[in-house]
Trainee: 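One structure, as structure tokens, below. Some questions next.
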Amino acid sequence: MSEPAATDDKTSSPPPPPAQHKSWADEADDDAEAANETTAPTTAVPSSSSPSLNVDELSIDENKKPPKLLDDPEDSNIQAVRSLSLQSRLLRLAISQLLNFSSARVYTFLTFVDSVQVTSGDTPYTSAATFEDLNLSAELLRGLYVEMRFQKPSKIQAISLPMILNPPHRDLIAQAHNGSGKTTCFVLGMLSRVDPSVQAPQALCICPTRELAIQNTEVLRKMGKHTGISSECAVPTDSRDSLPIQKREPIKAQVVIGTPGTIKKWISFKKLGVTRLKILVFDEADQMLAEDGFKDDSLRIMKEIEKFNSSCQVLLFSATFNDIVKNFVERTVKKDHNKLFVKKEELSLDAVKQYKVRCPDELSKIEVIKDYIFELGENVGQTIIFVRTRQSAKMLHKSLVDMGYEVTSIQGALDHEERDKIVKEFRDGLTQVLISTDVLARGFDQQQVNLVINYDLPIKHTAEYTREFEPDYEVYLHRVGRAGRFGRKGAVFNLIYDEKDERLMSKIENHFGTRVSEVREKSVEDYKAALKEAGLLQ
DNA sequence: AAAAAAC
């Protein structure tokens, strides 16, 4: 039995919640109109400034030992930051001027082993060393240990769960590495905040793709198996076998997980009530709130909930938040939110070894895939090949099938049924190699995937009139993150063939501060060596 | 110039 670490902190009565601004929809409104303008609105409360500028110190209980440093590369820095209410800001300002300190309090803690206490504003949070520390129900603990086979909270879980579960239930923006267990954070949050005696939607989770919504629903059902909590997956169905929403009874499920369009539709048809909602989650929140993502849908849903229910806790989770979306996202939630961020340099997964392969032409990309990667791939686990367009997904699929290889491919133009089937076959291990557009770039969790091939590199489609292509760093990171789930080993091969690719690749290297080594010679032995280096072969 | 959702 592991020693329960410092749970006594909980017993010290938490101070009353400070006055809260609950007008998050209003905030969102402002932003929607002033999308790109940066001038501070009215009397600028020195809003939660960029952490890197104001990193001050970790506020640790004096009686506690300081956090120990781990040299585990995975256990990299997370910054815990708290936006302060106006009152406490003014108070801090007064004090700090007296003491000649910086006025913004930004709490950062590096790594921890057992227990860290973070004081956020005036609320102390003790990280959870064990799941028992979280006061979860016995049924939920059983789900964690027996169904999920979890032993103890991962780092992001240890830090974020106390903030999610304990009053005053502040909004939270949380960033954590791919495969580090973000889903568990919000699924556990939703399950434990539901009142089992109320048969109405109390938790809502919105995801960018059908596949992710289904996956999250499955995780929730597994983890919540013994709780009796009901759930519904709100994704489009092929009209044949299901009643149109107009004719359905209002949703009674206590947790609803789905994609924006369907959720919007259900709400507008009054089939999904929002008045009892206690917690609203955006998975892949940076994409959900990006200009070229689901911003409009997300804000509309937020506003609709706010209209009837001002005390709904909002959680925003993602592995990536670029500066632009980060800035916006922080103004979308209530002002006194908590936030956890990871430094950019810390994000690239050290567990996944990155390679580039220079190919003389487009055709030779296919040669590389079949001659080397397929040759070795099957000893290595499953493989996802990412392509930029639906067209290339079809094209590559056809070429490989024509050559006699057993691969499948998925992209958004396929029927829902077909998509579900292909994902299921891949999950069941019936297929070894899956070609995919960026539908599966984010969140798709299949632990057997050890190899990712970037058939082409992700490109940012900004409205700028530049000739220069910009890589989509976030998508790159998410793609890479499909391998190496939960700290496993993995490898990525980036296939590049022209000047454009070269520039994209080096920009990616610069951005993440990593060097991507090249597989030079063209022989099976070289790929073997690369996979050995990645830890995938002996 | 893409993909995602969904009308």
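By convention in this document, chain letters (A, B, ...) are assigned in the order of the sequence lines, proteins followed by strands, and residues within each chain are numbered from 1. What you see is a predicted model; the values in this text were computed from it and never measured.
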Trainee: Does a salt bridge link A:D438 with A:R479, judged by any charged N lying under 4.0 Å from a carboxylate O?
Mentor: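 Result for this pair is yes, salt bridge flagged.
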
Trainee: Is the A:F493-A:Y527 ring centre distance short of 6.0 angstrom?
Mentor: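 Centroid separation for A:F493 and A:Y527: below 6.0 Å.
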
Trainee: Could you work out which one of B:dA3, B:dA6, B:dA5 sits closest to the side chain of A:P236?
Mentor: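 Among B:dA3, B:dA6, B:dA5, the one nearest the side chain of A:P236 is B:dA6.
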
Trainee: Regarding A:R210 and A:D420, does a basic nitrogen lie under 4.0 Å from an acidic carboxylate oxygen?
Mentor: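 Salt bridge between A:R210 and A:D420, a charged N being under 4.0 Å from a carboxylate O: yes.
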
Trainee: Base, sugar-phosphate, or nothing for A:D292, non-hydrogen atoms under 4.0 angstrom?
Mentor: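 It contacts base atoms.
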
Trainee: A:N454 CG to B:dA2 P: how many Å, rounded?
Mentor: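 So the two atoms are 18 Å apart, to the nearest Å.
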
Trainee: Using whole Å, what does the distance between atom P of nucleotide B:dA5 and atom CG of A:L289 come to?
Mentor: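 From A:L289 CG to B:dA5 P: 17 Å.
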
Trainee: Roughly how many Å is it from CG in A:L414 to C1' in B:dA4, rounded to a whole number?
Mentor: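 Rounded to the whole Å, the gap is 13 Å.
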
Trainee: Within this structure, what is the CG-to-P distance between A:D472 and B:dA4, rounded to whole angstrom?
Mentor: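 My rounded result for the distance is 14 Å.
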
Trainee: Tell me whether the side-chain N/O atoms of A:T262 come closer than 4.0 Å to OP1 or OP2 in B:dA6.
Mentor: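 The answer is yes; a side-chain N or O of A:T262 sits under 4.0 Å from OP1 or OP2.
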
Trainee: Please confirm whether the shortest side-chain N or O distance from A:R210 to OP1 or OP2 of B:dA6 is below 4.0 Å.
Mentor: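 It does not, given that no N or O in the side chain of A:R210 lies less than 4.0 Å from OP1 or OP2 of B:dA6.
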
Trainee: Indicate, with a heavy-atom threshold strictly under 4.0 Å, whether A:R442 touches base, sugar-phosphate, or nothing.
Mentor: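 A:R442: no heavy atom of the nucleic acid under 4.0 Å.
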
Trainee: In whole Å, what is the span from the CZ atom of A:F269 to the P atom of B:dC7?
Mentor: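 Interatomic distance, CZ of A:F269 to P of B:dC7: 9 Å.
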
Trainee: Need one value for A:Q411: base, sugar-phosphate or nothing, where a base atom within 4.0 Å counts as base even if backbone is also close, heavy atoms only.
Mentor: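 It contacts sugar-phosphate atoms only.
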
Trainee: Nearest to the side chain of A:T389 - B:dA3, B:dA4, B:dA1?
Mentor: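 Side chain of A:T389 sits closest to B:dA3.
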
Trainee: Indicate the ring-plane relationship of A:H511 and A:Y473, choosing parallel, tilted or perpendicular according to the 30° and 60° boundaries.
Mentor: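 It falls in the parallel class, under 30°.
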
Trainee: For A:F444 and B:dA3, what is the distance between atoms CZ and P respectively, to the nearest whole Å?
Mentor: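 For the pair A:F444 CZ and B:dA3 P, the rounded distance is 19 Å.
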
Trainee: Tell me: CZ of A:F386 to P of B:dA4, nearest whole Å?
Mentor: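 Those two atoms, CZ and P, are 12 Å apart.
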
Trainee: Starting from the C-alpha separation in whole Å, work towards a yes-or-no answer on side-chain hydrogen bond (donor to acceptor under 3.5 Å, both in side chains) for A:R482 and A:Q382.
Mentor: CA-CA 11 Å; A:R482 293 321 97 213; A:Q382 287 175 297; over 6 Å; no

Trainee: Taking the minimum atom-to-atom distance to the side chain of A:F294, which one of B:dA5, B:dA3, B:dA2 wins?
Mentor: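 Among the listed nucleotides, the one closest to the side chain of A:F294 is B:dA5.
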
Trainee: Could you give me the CA-CA distance, side-chain angles and deciding distance for A:T209 and A:R442, then say whether side-chain hydrogen bond (donor to acceptor under 3.5 Å, both in side chains) is met?
Mentor: CA-CA 9 Å; A:T209 63; A:R442 285 170 172 262; over 6 Å; no

Trainee: Quick one: is A:R300 getting a side-chain N or O under 4.0 Å of the B:dA6 phosphate, OP1 or OP2?
Mentor: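 Looking at the OP1 and OP2 atoms of B:dA6, neither is under 4.0 Å from any side-chain N or O of A:R300.
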
Trainee: Please check the phosphate of B:dC7 (OP1 and OP2 only) for any side-chain N or O of A:K265 closer than 4.0 Å.
Mentor: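 Indeed, a polar side-chain atom of A:K265 lies that close.
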
Trainee: Would you say A:T259 reaches B:dA4's phosphate, i.e. side-chain N/O to OP1/OP2 under 4.0 Å?
Mentor: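 No, no such contact exists.
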
Trainee: A:W266 has an atom CH2; how far is it from atom P of B:dA5, in whole Å?
Mentor: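 Whole-Å distance recorded here is 16 Å.
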
Trainee: What's the closest nucleotide to the A:P260 side chain, out of B:dA5, B:dA3, B:dA2?
Mentor: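 Of B:dA5, B:dA3, B:dA2, B:dA5 is nearest to the side chain of A:P260.
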
Trainee: Given B:dA5, B:dA1, B:dA3, identify the nucleotide with an atom nearest to the side chain of A:T437.
Mentor: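 The closest nucleotide is B:dA3.
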
